[in-house]
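Below you'll find the structure, written out as structure tokens, and then a few comments.
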Amino acid sequence: MTDIVHTFAGNPLDRGDALRRDPDWLAAAARDPDSCYLPMWRLNVLLEDGDAYRDNDTHRLGWLSPARIQELDVRTPPVFLGLVGDRARFAQDVSAVEEPLRDLDLPSRFRFEDSRAAGMVLPATDAGILAQSRSQLAWHERHQFCSVCGTRSAPARGGHVRVCPNCGAQHFPRTDPVAIMVISDGDRCLLGQAAGRLARIGMYSALAGFIDQGESIEEAVRREVREEAGVEVGDVRYHSSQPWPFPSSLMIGCHGDALTTDIRIDPVEMADVRWFPRDEARLALAGEHATLKVPGPMAIAHHLIRAWVDES
């Protein structure tokens, strides 16, 4: 099977693991005029719009020079993302600045955009860099204090670790694994409507849930389907994975075969779970079903459903 490059995957940067350990190199790279900074304001990303880009892309990440970033007098250290060739790329949180666009006096083609919406319009490589940037800045925002002794920690290794100055504990960014699965019974697939946003918009999607500690992917698939739908699952097959930077998950997509078909939903987690025939799922993917709505191509759920529909 050809690898699927989902939205928020496809990051082309060399993450420069060895260079992160060299504080002198990091300091020099942060000042180097050839380095580029990606500003994020309240986790919204700077975009540059236009129609003169190579490959006909009309949206790009809004990279700025170190000199432009210094104009904002931001005190939070940048996060080293990696390299393009020998040129460093950094993400910079500018949330402390009330109106960064005004202060920088950028042309009108620059704007801050919601990261989820930006992922829908950016080239795959830019969306991958956005995922890394948002996840790491969100982690720093939420984990500023040592979980061992409560002292404020400080970023190190270019923002890829936080170190406690009191007890010396090191804290690393986390990625939360999520199992997401389309379960089938012959010519039917199992889709659900989680209580909350999906129920409000009337959309059905693949069932999903966080993988527990001490649990394999296959075990998580079977447990989540049993808990949310009351359906027992036998064989489980891996399909693909997708980084999901809201705030930092890895969606692990699977298909599975149902052993039972009676549905008993968890009313706390789910608004509805149903079996849908293949023909109805195919129409929904095309946006042609009268009532069934499924996620669009940005979501791994869309591709899991499509892969199952195309099996026949």
Side-chain angles (χ1 to χ4, degrees), residues 6-8 116 175-309 311:
H6 292 291
T7 302
F8 297 123
R116 192 184 303 250
T175 296
D176 299 316
V178 177
I180 180 167
M181 45 278 177
V182 169
I183 305 303
S184 59
D185 169 47
D187 209 38
R188 305 184 300 170
C189 73
L190 190 68
L191 302 178
Q193 195 175 79
R197 187 181 71 86
L198 289 187
R200 289 194 298 272
I201 63 177
M203 180 178 289
Y204 285 80
S205 185
L207 304 184
F210 288 103
I211 298 176
D212 280 353
Q213 296 84 1
E215 185 175 53
S216 71
I217 295 170
E218 293 84 356
E219 290 168 339
V221 167
R222 297 184 182 108
R223 175 183 55 78
E224 284 291 340
V225 176
R226 184 187 310 116
E227 290 175 352
E228 294 184 349
V231 171
E232 298 294 333
V233 174
D235 184 48
V236 173
R237 300 172 298 281
Y238 171 79
H239 177 267
S240 60
S241 62
Q242 178 184 31
W244 192 250
F246 305 103
S248 186
S249 297
L250 179 64
M251 311 298 291
I252 302 170
C254 297
H255 290 113
D257 298 332
L259 296 177
T260 64
T261 58
D262 290 341
I263 294 173
R264 300 182 308 278
I265 71 168
D266 176 355
V268 175
E269 294 285 335
M270 306 301 296
D272 193 20
V273 179
R274 299 184 192 179
W275 291 106
F276 289 95
R278 198 183 304 267
D279 288 344
E280 290 194 25
R282 182 179 289 109
L283 288 172
L285 288 168
E288 297 173 355
H289 196 284
T291 57
L292 176 59
K293 293 192 293 184
V294 297
M298 181 180 181
I300 189 173
H302 178 96
H303 300 278
L304 290 172
I305 299 168
R306 179 169 296 284
W308 173 76
V309 162
E311 283 179 359

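Residues H6 and S240 come closest through the heavy atom pair NE2-OG, 2.8 Å. Closest approach of V182 and C189 over heavy atoms only: CG1-CB, 3.9 Å. Nearest heavy-atom pair, V231 versus T260, reported as atom, atom and distance to 0.1 Å: CG1-O, 3.1 Å. Shortest non-hydrogen contact noted between V273 and A229 is CG1-CB, 3.9 Å. D185 approaches A258 most closely through the heavy-atom pair CB-CB, 4.3 Å. Nearest heavy-atom pair, R116 versus W244, reported as atom, atom and distance to 0.1 Å: NH1-CZ2, 3.2 Å.
Here the CZ atom belonging to R188 is positioned 13.0 Å from the CD1 atom belonging to I183, to the nearest 0.5 angstrom. The distance from the CE atom of M270 to the CD atom of E228 is 5.0 Å, given to the nearest 0.5 Å. Interatomic distance, I300 CD1 to R306 CZ, rounded to the nearest 0.5 Å: 14.5 Å.
Proximity of a side-chain donor or acceptor of R278 to a complementary backbone N or O of W308 within less than 3.5 Å is detected. A donor-acceptor pair is defined here as one N or O able to donate and one able to accept, closer than 3.5 Å; no such pair exists between the side chain of Q242 and the backbone of A301.
By the ring pair (Phe, Tyr, Trp, His ring centres under 6.0 Å) test, H302 is found to be paired with no residue, residues two or more places apart in sequence or in another chain being considered. Here A299 pairs with P295 under the side-chain contact (heavy atoms from CB on, under 4.5 Å) rule; sequence neighbours left out. Residues meeting the side-chain hydrogen bond (donor to acceptor under 3.5 Å, both in side chains) test with E280, sequence neighbours left out: H289. Residues passing the side-chain hydrogen bond (donor to acceptor under 3.5 Å, both in side chains) test with D257 are R237, sequence neighbours excluded. Taking Q213 as the reference, nothing meets the side-chain contact (heavy atoms from CB on, under 4.5 Å) condition, with sequence neighbours excluded. Not counting sequence neighbours, the partners of R222 by the side-chain contact (heavy atoms from CB on, under 4.5 Å) test are E218, R226, V233, V236. Applying the side-chain contact (heavy atoms from CB on, under 4.5 Å) criterion to E219, with sequence neighbours excluded, gives E215, S216.
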Under 3.5 Å, sequence neighbours excluded: what are the donor-acceptor pairs made by side chains of residues 195-210?
| residue | atom | partner | partner atom | Å |
| --- | --- | --- | --- | --- |
| Y204 | OH | D272 | OD2 | 2.5 |
| Y204 | OH | R274 | NE | 3.3 |
| Y204 | OH | R274 | NH2 | 3.4 |

Which pairs of donor and acceptor atoms, one on a side chain in residues 245-254, lie under 3.5 Å apart (sequence neighbours left out)?
| residue | atom | partner | partner atom | Å |
| --- | --- | --- | --- | --- |
| S248 | OG | R174 | O | 3.3 |

Residues E227, D266; criterion side chain to side chain contact (heavy atoms under 4.5 Å, CB included); working and verdict: CA-CA 7 Å; E227 290 175 352; D266 176 355; 5.6 Å; no

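Residue pairs meeting the salt bridge (charged side-chain N to carboxylate O under 4.0 Å, His left out) criterion with at least one member in residues 286-302: none, sequence neighbours excluded.
Between M181 and L304, the closest side-chain pair of non-hydrogen atoms is not below 4.5 Å. Side-chain atoms of F276 and L292, non-hydrogen and from C-beta on, do get closer than 4.5 Å to each other.
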